[in-house]
Amino acid sequence: MRLDYLSIFPAYFDVLDISLVGKAAINGLVEIHAHDLRDWTHDRHRTVDDTPCGGGAGMVMKPDPWGEAFDEIIGTESDPSVHVIFPAPSGTPFTQSAAAELSSAQRIVFCCGRYEGIDHRVIDYARSMWTVHEVSLGDYVLNGGEVAALAITEAVVRLVPGFMGNPESLAEESFSAGQDGLLEYPLFTRPVSWRGLDVPEVLMSGHHGRIASWRRDESVRLTRERRPDLTDSDSSGIH
Ligand SMILES: Nc1cc(-c2ccc3ccn(Cc4ccc(CN5CCCCC5)cc4)c3c2)n[nH]1
């Protein structure tokens, strides 16, 4: 899988060389390329923004640098197998199933906007050429797309076959199908007693049936408490 990042702050992606994703890059599962959008400007100030047509606060990213960067990084041929991701507050909420779908992509290009966003014609052009995803991380506003791109990268790459040492652990995670769409149960390890707090006895009983039942009950309780929106979904198994 090749991952490209277009940003005016490409150094944001240096962190990928030291993290989990870095290991995938080393064993050849993932190829990371970060690019400075200003490399595709031609004026002395390397300008990437301008005032919004129709007025309004802030600045908008000009389309020209993006188009030239696309030509060089992706090419001028249409190819639906290339996934181009534009993080945006107005995007579709990013989910574990979207991460799972993207984990089989051969090529993902992250377009990280800044200011108030990117000229919409950039997105329209990209849609005419590749498979575009405008995604939101959640209902809060970041200063740009870089942090979202890092989060999406981590969610996707950890699902790439061969990346995770123990793929079974993926099945038991929150939001994964294997967990019936429930939040995961609380985790404990040694010492059994810590600052007056003890591991629940059932987990030390060695009784696998009771342990599974306790874990399920805890997942149902937590999901009802924190994510009532998940309790109505068919996959949750609780109503
Ligand atoms: N989930 C999530 C993703 C992002 C995200 C992703 C990408 C960019 C690129 C720029 N920003 C900053 C920003 C600030 C304010 C607005 C709203 N503003 C309202 C009035 C009309 C103009 C736009 C939009 C963008 C970004 C923010 N934040 N949160």
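Atoms within each ligand, like the ligands themselves, are counted from 1 in listed order. FYI, side chains are in, hydrogens and waters are out, and symmetry mates aren't considered; it's all heavy atoms of this structure.
- For the 3.5 Å distance criterion, the side chains of His42 and Glu68 qualify, holding a donor opposite an acceptor.
- Between the choices Asp139, Val135, Leu142, Val147, the shortest heavy-atom distance to atom 28 (N) of ligand 1 belongs to Leu142.
- Using a 4.0 Å heavy-atom cutoff, Phe86 is absent from the residues neighbouring ligand 1.
- Contacts between Ala88 and ligand 1, counted as non-hydrogen atom pairs separated by less than 4.0 Å, involve the backbone only.
- The closest side-chain heavy-atom distance from Asp4 to Arg107 is below 4.5 Å.
- Ligand 1 has a nitrogen or oxygen under 3.5 angstrom from a nitrogen or oxygen of Leu137.
- Under the rule for a ring-ring contact (aromatic ring centres under 6.0 Å, His included), the partners of Phe110 that lie at least two apart in sequence or sit in another chain are Tyr5.
- A salt bridge is absent between Glu201 and Arg210; no separation between the charged side-chain nitrogens and carboxylate oxygens falls under 4.0 Å.
- Minimum interatomic distance between Ser136 and Gly91 (heavy atoms only, all atoms of both residues): CB-O, 3.4 Å.
- Of all protein heavy atoms, the one lying nearest to atom 14 (C) of ligand 1 is Val141 CG1, 3.5 Å.
- When each atom of ligand 1 is checked for a heavy atom of Gly144 under 4.0 Å away, the hits are 5 (C), 6 (C), 7 (C), 8 (C), 9 (C), 10 (C), 11 (N), 26 (C).
- For residues 119-157, the pairs satisfying ring pair (Phe, Tyr, Trp, His ring centres under 6.0 Å) are Phe70-Trp130, His83-His133, Tyr125-Trp130, with sequence neighbours left out.
- When only interatomic distances are considered, the shortest N/O to N/O separation between Gly138 and ligand 1 falls below 3.5 Å.
- The single protein non-hydrogen atom nearest to atom 21 (C) of ligand 1 is Glu116 OE1, 4.4 Å, given as residue, atom name and distance.
- Within ligand 1, the atoms closer than 4.0 Å to a non-hydrogen atom of Tyr115 are 10 (C), 11 (N), 12 (C), 13 (C), numbered from 1 in the order shown.
- Considering backbone and side-chain N/O of Arg114, none are found under 3.5 Å from N/O of ligand 1.
- A side-chain donor-acceptor contact under 3.5 Å links Thr131 to the backbone of Pro80.
- Summary of contacts: the protein heavy atom closest to atom 2 (C) of ligand 1 is Tyr140 O, 3.5 Å.
- Scanning Pro87, Gly56, Pro52 for the heavy atom closest to atom 7 (C) of ligand 1 points to Pro87.
- Residues Glu218 and Arg215 are not paired through a salt bridge, judged by the lack of any N-O separation under 4.0 Å between the basic side chain and the carboxylate.
- The part of Asn143 lying near ligand 1 is the backbone, judged by heavy-atom distances below 4.0 Å.
- Looking only at side-chain heavy atoms (C-beta outward), Asp180 and Arg216 come within less than 4.5 Å of each other.
- Considering only non-hydrogen protein atoms, atom 5 (C) of ligand 1 sits nearest to Pro89 CD, 3.5 Å.
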